[in-house]
*Asks:* 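One structure, as structure tokens, below. Some questions next.
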Amino acid sequence: MAPPEMSAQVAADPLASEFVEQTAVDGLARHGGLLGWLARRVLQGVAVLVVVSIVVFAITSALPGDPARTILGQDATPQAVASLRHQLGLDRSLLSQYGTWAGKLARGDFGDSLLANQSTAARRTVASLVLPRLVNSLTLMVLAALISIPLAIALGVASAVRQDRKADKLGLLISLLLTAVPEFVIAIGLVTVFATTVLTVLPAVVIVPSGSTAIAQPHELILPVLTLVLIVVPYPYRLARAGMIEALQSEYVTMARLKGVPVRRVVRKHALPNALIPVVQALGICLVFLLGGVVVVEFVFGFPGLGTLLTTAVQGRDLRTVQACAMLYAAAVVIINILADGCTIAVTPRARTRQWG
Amino acid sequence: MHDKMDSAAPPSEGAPIDGFPVDPSQLSRRAFLKGAAAMGSAVVGAGVITACGSSSSITTPKPRRLTQTGGELSGAIMPPYRQPQPGGTLRIGASTGSASDTLDVAGPRSQVDYRRTEMLYGSLLERDQHNRTIPALAEEITPETSKGDVWTVRLRDGAEFHNGKTLTVDDILFSINYHLTAKFSVFASNLEAVGFDLKNGVKKLDARTVRFTLKRPYAIFTEYPISQGYWIVPEGYNPAHPVGIGAFKYESFTPGQQSVFSAFPNYYGGKPLLDKVVVTSLLDDNARVNALLSNQVDAIVDVPLGSVEQIKGDNNTHFMVTPAGQFIPFVMRMDVKPFTDVRVRQAFRLLIDRNVMLRQALGGYGNIANDLYCPVDPFYASNIPQRVHDPDQAKSLLKAAGHSNLSIELVAAPVGLGAMESCRVFQAQAAQVGVNVKLTQLDVGTFFGSDWGKRTFTIDQYGTPIDYFAMMAVTEATPTALYNETHNADPKLGSLFRQALVTVDDAKRKQIAYEMQSIEHDSGGYIIPFFVPRIEAVSAKTAGWQNWPNYRGLNGWHLQYVGFAD
């Protein structure tokens, strides 16, 4: 019996098909198995982050205006500005500044917040600013991912089994609409319907009390998470559906049904695992997409997360915080991709065996 | 001779001039602060100096009247007054806030910082509902000489800090020293101008009376900063756990996010009605409005004009407008072409239709202005006729100046409510008289960066200035004044200003002020089309809101008088 094929749809998707499979096959089969693969990917990830760090540093240095001036305000005397510039190392060469910053970053030291330290005696590190926001943003992401991926698969399978019937057509239509409507509009639409205008049953913004985190306000998270779910579900839904349809039409499924295996069992045991493959392969894209969606959601719901911290830091020229947030986002993308590729390998047996190398 | 403060009026808080409805990670415009400083230092050796337009206690044969209020600005829209009941937690949605927020008494930065410090702390004097200076923590402040260099301060008896400690002179001295020496203190330069000599110029007469011998005469001792800013803290004050003497005490604080205050039952002005106040920073306009509509907050500041109809139409919210003297002037650099020619400046002031601009930029809320600031100062030149829209005159002035087809760049940024809209209206109205305006929009950070003060044609933003002379001191009185963005170097203006500084007599100073404003109205570099009000909204469940003319909105942030009612 031929090994399970990838669905034609996924094969057409560059990221999910050839590149991933080829890398997985190459790396794994040739060099030391799973551990070797992981090591290579981590090294690649670090290289990517180094490049990103250079880009981020270049961009923040190129922001118009003098950060010292912006922080101190225009009432500041030239001496105060010069002294702050010296304190921040802004009078050194770019290369030297980058070196100091990158070196600290490698040791896990994000530095001190330029902004937060201009108004109080206590020192506030960037890490202390970023950490609670990171936890909040991760809360949203994890909740949304845990709901949307299984939901998308379930809906996709249900649609595939009812292919071309009304339910399936409705599902496709809705997924098309959700993909077409901008994320911002979905968010505001939900707020208008459930929180402010049509009904007022759900909270419209997320207000996190001092010292607390977002997870302590579960009812306030309903609309933001719902927004993210609506944003993310359509793509894996279509993938799951296509994968399922493909699997249901394959020879071995036909064989099983001819043998008399009940439809339910066929779907669950034989077709489903193979329908999952395209979803897993596209997991990376879905999660990165989710990351972007979180920024929109944070804005609309006033959510105290990394995205809102980043925007206020840019406006206030708090360079260290901007750089830290940007690097965290980049690291998140790298990690997501490694995890997703790892999952891909796990579900694509072919990639694991030496003979395909 | 003593000059007792009139203590009949209810207590109120003073109002330092502060920042904008926009992002506070920019600066708060402390023009007024610098004004007092500039005036103080200009006073050295000049003998008896007077206050600018407001109260002061100079030993003159008849006691100086404390104040007349200046022009009251019209246009307040308040919900119907209901008597609030005790209890409840008021949740406020603020429009500013960032990581640099602080509760440190010496260093408020953003607009919401100022509001919070005003709740937590108290000052020696305050302003009442008619903007008159009244006693607060100080029962009496008396000048001992005619020069105004020796002052006796007697404190209120038995005023209690949040930690139970009773207010004494030691706390005053500690506070002065704290403001002078704290890192990033915003009051340091102004207190320097007062001239306290903490080493040799302090004599404690008893536990609550102290006599200050200043380093130099400072006749406006009872003015800013004593009356409005420079809040008092107890000895041993630690900003990490701020202890104050105001109506509300500190519970918790996350910068850029939320702060919680509880009522201080032993507040010297009487126990607040509310139990708690929670201030949350909701920077996004729509999120803030939505929070009110979905009942997650009870009051919001800075309602965007686009949401006004929605709020008015909602039965559970009340719309509020508090008139204020904030303004967003167009700034013409008088030392650079084409504005070196006074005819061009006059033409620019005539080509705008202020009523149209008010409607389009502020939705019709606010007040028309006459290219002059400080509308609430008693010395405001209300006799100068309101400038009207006169495009024909503008065209002929431009023609006479040889600029019939002028092209000019206007550099702007969203520095406040109505800023960009007024620029676009200006652009359209200028086109009608043959002036082609190219509008360049920057982000606020860049706008206030190193090019500020150097641009030929731009805008700016000011909070409500209270005193005309103080404002002049920092803007146009001298060519090198800190905020002289118009680069005004009119010698007549400068000499009149110097004259005012040494003129005791109120009537004479009023005359000088009128003359100066007349010159500015005629040939100055500012175009001030309107004054921007505070536009806010509150839940229908709240009660007790009134129009406090200190221009801060939300009942002047005297939250001890508001509450909930069924």
Side-chain angles (χ1 to χ4, degrees), chain A residues 63-67 69-77 81 113-122 124 126 129 132-133 188 191-192 194-197 200-212 220 223 298-304 308-309 311-318 321, chain B residues 23 25-30 33-34 91 93 97-104 107-109 113 182-184 239-240 251-260 278 280-284 286-291 293-297 310 314 316 442-446 448-450 452-453 482-483:
Chain A
L63 276 174
D66 178 3
R69 197 99 204 274
T70 308
I71 288 165
L72 289 176
Q74 77 214 51
D75 310 359
T77 60
V81 174
S113 164
L114 305 183
L115 210 54
N117 288 315
Q118 293 311 314
S119 57
T120 178
R124 276 191 231 160
V126 170
L129 283 180
R133 301 295 189 107
I188 294 190
V191 169
T192 309
F194 289 105
T196 60
T197 311
T200 44
V201 293
L202 288 173
V205 298
V206 180
I207 297 183
V208 177
S210 301
S212 176
E220 285 182 0
L223 284 183
E298 282 187 24
F299 187 69
V300 172
F301 292 95
F303 186 84
T308 39
L309 180 66
T311 33
T312 44
V314 169
Q315 280 176 319
R317 299 292 190 268
D318 191 352
T321 304
Chain B
D23 186 73
S25 56
Q26 307 322 314
L27 29 120
S28 56
R29 211 18 135 45
R30 301 192 279 274
L33 292 153
K34 295 293 178 183
R91 302 162 301 172
S98 78
S100 62
D101 285 357
T102 180
L103 293 177
D104 188 336
R109 287 179 60 87
D113 277 349
K183 212 172 163 200
F184 314 118
E251 289 284 316
S252 69
F253 174 53
T254 306
Q257 237 171 280
Q258 196 179 78
S259 45
V260 178
V278 177
T280 306
S281 289
L282 293 165
L283 268 59
D284 178 45
N286 290 308
R288 203 163 58 249
V289 171
N290 287 336
L293 292 174
S294 73
N295 198 27
Q296 284 176 277
V297 295
Q310 193 181 11
D314 190 305
N316 298 320
L442 304 175
D443 71 286
V444 179
T446 314
F448 285 116
S450 30
W452 183 88
L482 196 63
Y483 297 134

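All values reported here derive from a predicted model rather than from experimental measurement. Naming convention: chains lettered A, B, ... in sequence-line order (proteins, then strands); numbering from 1 in each chain.
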*Asks:* Of the backbone (N, CA, C, O) and the side chain (C-beta and beyond), which part of A:Val208 lies under 4.5 Å from a heavy atom of chain B, both, or neither?
*Replies:*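 Both parts, backbone and side chain.
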*Asks:* B:Gln310 versus chain A, heavy atoms under 4.5 Å apart: side chain, backbone, both or neither?
*Replies:*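 Contact with chain A: side chain only.
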*Asks:* Do A:Ile207 and B:Val297 have side chains that approach each other closer than 4.5 Å (heavy atoms only, starting at C-beta)?
*Replies:*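 When only atoms from C-beta onward are counted, B:Val297 and A:Ile207 do touch, with a gap below 4.5 Å.
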*Asks:* Report yes if some heavy atom in the side chain of B:Leu283 is under 4.5 Å from a heavy atom in the side chain of A:Thr312; otherwise report no.
*Replies:*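 They are in contact (side-chain heavy atoms under 4.5 Å apart), so the answer is yes.
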*Asks:* Measure distances from A:Leu202 to the heavy atoms of chain B and classify the residue's part below 4.5 Å as side chain, backbone, both or neither.
*Replies:* backbone
*Asks:* If I measure from the heavy atoms of chain A, does B:Thr280 come under 4.5 Å with its side chain, its backbone, both, or neither?
*Replies:* side chain
*Asks:* Rounded at 0.5 Å granularity, tell me how far CD1 in A:Ile188 sits from CG in B:Asn290.
*Replies:*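 Answer for the CD1-CG pair, A:Ile188 versus B:Asn290, is 7.5 Å.
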*Asks:* Might you point out which heavy atoms bring A:Ala195 and B:Ser294 nearest each other, and give the distance in Å?
*Replies:*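 Distance-wise, the nearest heavy atoms are O-CB, 3.3 Å.
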*Asks:* Side chain to side chain donor-acceptor pair (under 3.5 Å) with A:Thr311: which residues, sequence neighbours excluded?
*Replies:* none
*Asks:* Taking only residues two or more places apart in sequence, or in another chain, which ones meet A:Glu220 in a side chain to side chain donor-acceptor pair (under 3.5 Å)?
*Replies:* B:Gln296
*Asks:* CZ of A:Phe299: more than 12 outside heavy atoms within 6.0 angstrom?
*Replies:*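 Count not over threshold, so no.
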*Asks:* For residues B:Ala291 and A:Ala204, report the shortest heavy-atom separation together with the two atoms involved.
*Replies:* N-CB, 4.5 Å
*Asks:* Under 4.5 Å from any heavy atom of chain B, what part of A:Val300 do you find: side chain, backbone, both or neither?
*Replies:*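 Answer is backbone: N, CA, C or O of A:Val300 sit under 4.5 Å from chain B.
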*Asks:* Relative to chain B, which segment of A:Thr197 carries a heavy atom at a distance below 4.5 Å: side chain, backbone, both, or neither?
*Replies:*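 Contact with chain B involves the side chain of A:Thr197 alone.
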*Asks:* Measure distances from B:Asp443 to the heavy atoms of chain A and classify the residue's part below 4.5 Å as side chain, backbone, both or neither.
*Replies:*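 Contact with chain A involves the side chain of B:Asp443 alone.
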